[in-house]
Amino acid sequence: GDSVTQKEGLVTLTEGLPVMLNCTYQTIYSNAFLFWYVHYLNESPRLLLKSSTDNKRTEHQGFHATLHKSSSSFHLQKSSAQLSDSALYYCALSDHYNQGKLIFGQGTKLSIKP
Amino acid sequence: EAAVTQSPRNKVTVTGGNVTLSCRQTNSHNYMYWYRQDTGHGLRLIHYSYGAGNLQIGDVPDGYKATRTTQEDFFLLLELASPSQTSLYFCASSDAQCPNERLFFGHGTKLSVL
């Protein structure tokens, strides 16, 4: 079945360094919808980015990601980390069989140090 | 902005206790979901619903019941709570017309089962 893998459980970076959070997915369907959700402490998780277009960069709030269907990847990147980026980040795949159901990865906790 | 309200925000119960978590959305969304969030596991879907009276089983349903009484209200029931159900629970909703758009999450209910 469909699945999403986020290899890193915790990523710790110094402020100002680039961010890259890995996300790979598995699905036999070509029309995959991929999402990044962000969960700041004491807030609700919310959508950060989404894409269904192959090789098209999508950007929001300084973050960007490009869906690469050839490698089944949707990595989240930012050029320069800020302290306020510390949060839990989830990659998710829309379930082809069940409209409206998302398959979430295990999540990556991003911790930015001064 | 879509609104999803969960209650209570915090709940402590004992093993074997009976707990009901409530969720209300005022966005006219058809889809509603219950997730639990645990370190190392990310967001896992417990139950979800396409509309009033409808119930779908998620990925980790054991020990949980759910009921969708109206389009607005979705309840999660733990009839014999166990310590393994200690977790942070999130309710979410989405628009059936655009199920691949985004989920709107509540602020979460922290449940401790002693």
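Naming: A, B, ... by sequence-line order, numbering from 1 per chain. Quick caveat: nothing in here was measured; it's all calculated off a predicted structure.
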Worksheet entry | Distance-only donor-acceptor check, side chains A/Ser73 and A/Ser71, under 3.5 Å | yes
Fill in: Polar side chain donor-acceptor pair, A/Tyr37 to B/Arg102, under 3.5 angstrom
no
Item to complete: Name the region of B/Gln37, side chain, backbone, both or neither, that has any atom closer than 4.5 Å to a heavy atom of chain A.
Response: side chain
Fill in: Part of B/His107 lying under 4.5 Å from any heavy atom of chain A
both
Discussion item. Please classify the contact of A/Leu10 with chain B as side chain, backbone, both or neither, using a heavy-atom distance under 4.5 Å.
Written reply: neither
Worksheet item: B/Asp38, B/Asp59, B/Leu43: which one forms the most heavy-atom pairs within less than 4.5 Å of chain A?
Response: B/Leu43
Which pairs of donor and acceptor atoms, one on a side chain in residues 103-114 of chain A, lie under 3.5 Å apart (sequence neighbours left out)?
| from | atom 1 | to | atom 2 | distance (Å) |
| --- | --- | --- | --- | --- |
| A/Gln106 | OE1 | A/Gln6 | N | 3.3 |
| A/Thr108 | OG1 | A/Gln6 | NE2 | 3.3 |
| A/Thr108 | OG1 | A/Glu8 | O | 2.6 |
| A/Ser111 | OG | A/Lys113 | NZ | 3.4 |

Worksheet item: Only one of B/Glu72, B/His29, B/Gln71, B/Arg24 clears side-chain hydrogen bond (donor to acceptor under 3.5 Å, both in side chains) with B/Ser93; which?
Response: B/His29
